[in-house]
Visitor: 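Submitted below is the structure of interest, expressed as structure tokens.
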Amino acid sequence: MSIDIIVYILGGLTIGSALMVILSSHPIRSILYLIVTFFMISANYVLLNAQFLAIVNIIVYAGAIMVLFLFVLMMLNLSKDTEPKASIPMIGASVIAGGSLLVVLIAAMKKAILAPGVSSDTVNDIGLVKTLGHELFTTYVLPFEITSVLFISAIVGAVLLAKREKQIID
Amino acid sequence: MIIEKLILVIVIFAVSILAALYSTLLERKAAAWFQDRIGPNRTGFFSLLQPLADGVKMFIKEDGIPLNTDKWLFIIGPGIAMFTSLITSTVIPWGPDLEIFGSKVALQIAEFDMGILFIMGVLSISVYGIMIGAWASNNKYSLYGAIRASSQMISYELAMGLIAITIIMMTGSLSLRAIVESQHGMNWNIFYQPIGFVVFFICALAETNRAPFDLAECESELIGGYHTEYGSMKLGFYLFAEYVNMFISAAIISILFLGGYNFPGMDSFSGNILAIMCLGAFFTKIVLIIFIFMWIRWTIPRFRYDQLMHLGWKKLIPIALINLMITGIIIAFTKGWFN
Amino acid sequence: MQSLSNRSKVVSNKPMTFLERMYLPVIFGGMWITFKHLFKKNVTLQYPEEQKVFAPVYRGQHVLKRDEQGRENCTACGLCAVACPAEAITMIAGERKKGDEDKYREEKYAEVYEINMLRCIFCGLCEEACPKEAIFLTDRIVPSQYEREDFIMGKDTLVEDMNNRIDISLRQMTGKRGEK
């Protein structure tokens, strides 16, 4: 019973902070609300007994990516008067894009079945490190390795970019 | 059970705050010793009341919020800094179980099987306290300080994480208690990972924004760095969070490399005596590491910013990666995966 | 160009060797140096309790001396003001009235005697110029003030108090430069 209340409160907070991301007028505030949203999502993961995912979500998203976002936004001098006025075709295009996203979401959600809530006696321990690691290195070893190859190519690309820039300076 | 945990939480927070308080005194004393001075000696025996006097001074100062600041974020900034530095102490195992009135009390707030990941996570969000406070104060020096601090912390987190992974591989567990237990009987990781220890130590210095990596508050260039606009206890929170961070990172270094609460000859004790002696050993290690932090601060001049980035990205990360690879190969050999 | 002092060093811009690039050996060397400083004698003086002994030739705040009967030595001849290279001394001379014989030694005395401590360079030439042994520089430090006016010291601060005489015997022992 009590876990239900926590779930509802947490869900409300998650949605509320996610709404504040798009509703707040200042970009820095949006970013900060986005960080709060990530924390709320992590809390939801913890409720689902996926502690590893929760922490990795905090480390990667809240800790690294959002810091970079904040970093860039803080350097820009963003305020209400520097914001470009949106033209009418722009507004129309964004309404169409947002509307089609909504349609897709509704279509996807229509067939979803609301599963009964996870009760505390049948704890799903797929989110724990041991089981997750085991799954990653047995069942899903190919996608996992392909992801690592992707990362290596990204790292090589970054190194290459850095090298080339140095040659130009010399 | 809940009350027991609550008392433990309060005790551990109080202890880490007290330790941070007295490390400010130790810092001033150590600075004086290294510079052939005496240091503070006017407040009580060995100036033990000095931190109290400093705190009172901080509190009675005028608590101003400059115009054109984002008031909310300006106030929240120091709070986040303090919160993130204190929350780390929840997963640190301070010693073996204590027996009080027949019930066992674990000297660890949260027996969490991913303690080290938790610490990395909190480390990665500890940048926000600095960044938010600095941006909210609407001052270019603060912003420069925050940018320096955050890029430095992000860069050194990588090497730190890689070394932590090496230790995790050696132990086979993410739990801090398991890491400590695996070093029982002088099997300290520092003997197996001396290079890792040095790299981790350097990264810890950079993560806590301490000299020689204290570019974020480099007075000659940035006035006060990210806390230029702060005064009163808000400034106190920032400065104080740095000392709490130092205490916690000293604790983590001693857990990962110096055997945590293990000490030689601990098998001949048992029960509460063992627990108290373990606590003593752990704190001795922490104080020693804090002293080495201070020793380094009063020895080495500040790095230049490009040197800092060069050291972090081009030296420490490759060293950590090679270290990780060699450790992996050795572990594979000893476990017989190649046969 | 040839070096005159033989102490100049030619700056080299050689790339650092591997050991230098590692930083660590140098850092440990530096830490050893600071470690040795842990055991060195402190140079701190606990100021209000301990005070540094001044050299006998130290020249601090001036005093206008009185003689044994408590009469002011100064006769307002103005030689000190003439001798003063910084022009810090001004005075107004007055004639001694009847009944003031126990206050002033000579028939002429200084009604006003001011030294501007901000101008004074503590050279001691006033002391050398004085024919009446009236002005001396003592080992007292000129106190700090909040206002510029407070640094212009009049007779109220300069003339010594008979109950609290200022010892200038050391000053007299070192001798005046002219007599040596």
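A note on names: the letters A, B, ... follow the listed sequences, proteins ahead of strands, and every chain is numbered from 1. These values consider heavy atoms only, across backbone and side chains, with no hydrogens, waters or symmetry-generated copies.
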Visitor: Show me the donor-acceptor pairs within less than 3.5 Å that the side chains of residues 248-260 of chain B make with the rest of the protein, sequence neighbours left out.
Guide:
residue	atom	partner	partner atom	Å
B:Ser249	OG	B:Asn245	O	2.9
B:Ser249	OG	B:Met246	O	3.2
B:Ser254	OG	B:Ala250	O	3.1
B:Ser254	OG	B:Ala251	O	2.8

Visitor: Just wondering, are more than 12 heavy atoms of other shown residues or ligands nearer than 6.0 Å to CZ in C:Arg148?
Guide: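 No - once you tally the heavy atoms of other residues, nucleotides and ligands closer than 6.0 Å, there are 12 at most.
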Visitor: Apply side-chain contact (heavy atoms from CB on, under 4.5 Å) to residues C:Met31 and B:Ile296 and explain how you reach the verdict.
Guide: CA-CA 7 Å; C:Met31 284 175 76; B:Ile296 290 171; 3.7 Å; yes
Visitor: Just how far is it from atom CZ of B:Phe34 to atom CD1 of C:Ile33, taken to the nearest 0.5 Å?
Guide: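 Going from the CZ atom of B:Phe34 to the CD1 atom of C:Ile33 covers 12.5 Å.
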Visitor: Does a sphere of radius 6.0 Å around CD in C:Glu49 hold more than 12 heavy atoms from other residues, nucleotides or ligands, not counting ones at 6.0 Å or beyond?
Guide: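 Check passes, neighbour count above 12.
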Visitor: Within a radius of less than 6.0 Å around CD1 of B:Ile195, do more than 12 heavy atoms belonging to other residues, nucleotides or ligands occur?
Guide: no
Visitor: Kindly compute the distance separating OG1 (C:Thr44) from CD (B:Gln35), expressed to the nearest 0.5 Å.
Guide: 10.0 Å
Visitor: Does a side-chain heavy-atom distance below 4.5 Å link B:Ile300 with C:Ile27?
Guide: yes
Visitor: Counting only heavy atoms closer than 4.5 Å, note whether B:Ile38 contacts chain C via side chain, backbone, both or neither.
Guide: both
Visitor: Counting only heavy atoms from other residues, nucleotides and ligands, does the tally under 6.0 Å from NZ of C:Lys108 exceed 12?
Guide: yes
Visitor: I'd like to know which of C:His37, C:Lys41, C:Lys40 tops the heavy-atom pair count under 4.5 Å against chain B.
Guide: C:His37
Visitor: Counting neighbours of CD on C:Glu107 that are heavy atoms of other residues, nucleotides or ligands and sit closer than 6.0 Å, is the number greater than 12?
Guide: no
Visitor: Check whether any side-chain heavy atom of C:Tyr23 sits under 4.5 Å from a side-chain heavy atom of B:Lys315, and report yes or no.
Guide: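 Touching, per the 4.5 Å side-chain cut-off.
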Visitor: Pair B:Asn41, C:Gln46 - check side-chain contact (heavy atoms from CB on, under 4.5 Å), show working.
Guide: CA-CA 10 Å; B:Asn41 65 346; C:Gln46 298 281 338; 3.0 Å; yes
Visitor: Checking side-chain polar atoms at under 3.5 Å, does B:Trp298 have a donor or acceptor matched by the opposite partner on C:Thr34?
Guide: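 C:Thr34 and B:Trp298 do not have a side-chain donor-acceptor pair below 3.5 Å.
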Visitor: Just wondering, are more than 12 heavy atoms of other shown residues or ligands nearer than 6.0 Å to CZ in B:Phe197?
Guide: yes
